[in-house]
Amino acid sequence: MRDAIGHTFLYNIVIVFVFIIAFVLVGSLSYSKAFKAKNEIISIIEKHREYDAETIAEIDATLKDSGYRSRVVFRHNTCPAPKEGSSKVLLEESVSYPYCVYENVTERGVYYSVIIYMRFEVPLLSGLLEFPVKGDTRTIYDLDV
């Protein structure tokens, strides 16, 4: 009887360890997908040098092609308020995907801040765990002046 209790405890430790490893693996895969999507959004904005309807269409097409989940399954429906006085929200809500774009005006030029949400794609936790992934473009200088 003593061996049965010892084995049960060992099995519980192994099961908990497997769940922890699976959670870390799923988390790292979800973070890398969100980080890649953020970098793609930033590179598209830098390529167009502004955030307009053409840029939004290319971002939506890129996110659709990359397999990023649409807004329907995400909990965040609004962008957080900008922290700086010189920034303004350019996109309160994306039509299809949960990302936010802020325009920050400086004396050197304009740069854009992007927030996209990482989501754990585990059936029981998917609606509960979402974390923002943030990034900024390079400063876009006004060459017309």
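Given the structure is predicted, the values throughout are model-derived calculations rather than measurements.
- Closest heavy-atom contact between S113 and N104: OG-ND2, 2.7 Å.
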Exercise for review: Assess whether side chain to side chain contact (heavy atoms under 4.5 Å, CB included) is satisfied between K38 and I42, documenting all intermediate values.
Suggested key: CA-CA 6 Å; K38 177 200 56 100; I42 287 174; 4.1 Å; yes

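- Note on V26 and F35: same hydrophobic cluster, where clusters join Ile, Leu, Val, Met, Phe, Trp and Tyr whose side-chain heavy atoms are under 4.5 Å apart, directly or indirectly.
- I140 contributes atom CD1, which lies 9.0 Å from atom CD of E103 (distance to the nearest 0.5 angstrom).
- The distance from the CZ atom of R49 to the CZ atom of R138 is 11.5 Å, given to the nearest 0.5 Å.
- In this structure N39 satisfies the side chain to side chain donor-acceptor pair (under 3.5 Å) test with no other residue, sequence neighbours excluded.
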Practice item. Starting from the C-alpha separation in whole Å, work towards a yes-or-no answer on side chain to side chain contact (heavy atoms under 4.5 Å, CB included) for V101 and I59. Key: CA-CA 12 Å; V101 178; I59 289 171; 5.6 Å; no

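- For the atom pair CG (D65) and CD (E40), the distance works out to 9.0 Å, reported to the nearest 0.5 Å.
- Here the CG atom belonging to N12 is positioned 13.0 Å from the NE2 atom belonging to H7, to the nearest 0.5 angstrom.
- Annotation for I115 and P132: closest pair CG2-CB, 3.8 Å, computed over non-hydrogen atoms.
- A pairwise comparison of heavy atoms in L29 and S32 identifies O-OG, 2.9 Å as the closest pair.
- Residues I56 and Y51 form a side-chain contact, since some pair of their non-hydrogen atoms from C-beta on lies under 4.5 Å apart.
- With sequence neighbours excluded, no residue forms a salt bridge (charged side-chain N to carboxylate O under 4.0 Å, His left out) with E50.
- No donor-acceptor distance shorter than 3.5 angstrom exists from the side chain of S30 to the backbone of G27, with no hydrogens or angles considered.
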Point to revise | Working for side chain to side chain contact (heavy atoms under 4.5 Å, CB included), residues T106 and Y111 | key: CA-CA 8 Å; T106 64; Y111 71 94; 3.7 Å; yes

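- Residue Y112 holds its OH atom at 12.0 Å from NE2 of H48, rounded to the nearest 0.5 Å.
- Contact record, Y99 with I41: CG-CD1, 3.9 Å, taken as the closest heavy-atom pair.
- Under the side chain to side chain contact (heavy atoms under 4.5 Å, CB included) criterion, S43 pairs with no residue at all, not counting sequence neighbours.
- How far OG1 of T137 is from CD1 of I44: 13.0 Å, rounded to the nearest 0.5 Å.
- Under the rule for a side chain to side chain donor-acceptor pair (under 3.5 Å), E46 has no partner lying at least two apart in sequence or in another chain.
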Practice item. Using the side chain to side chain contact (heavy atoms under 4.5 Å, CB included) rule, take Y141 and R108 through it: C-alpha gap first, then chi angles, then the decisive distance, then the call. Key: CA-CA 6 Å; Y141 299 102; R108 293 185 176 191; 3.8 Å; yes

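- Here T55 pairs with D52 under the side chain to side chain donor-acceptor pair (under 3.5 Å) rule; sequence neighbours left out.
- Through chains of ILVMFWY side-chain contacts below 4.5 Å, F19 is grouped with I15.
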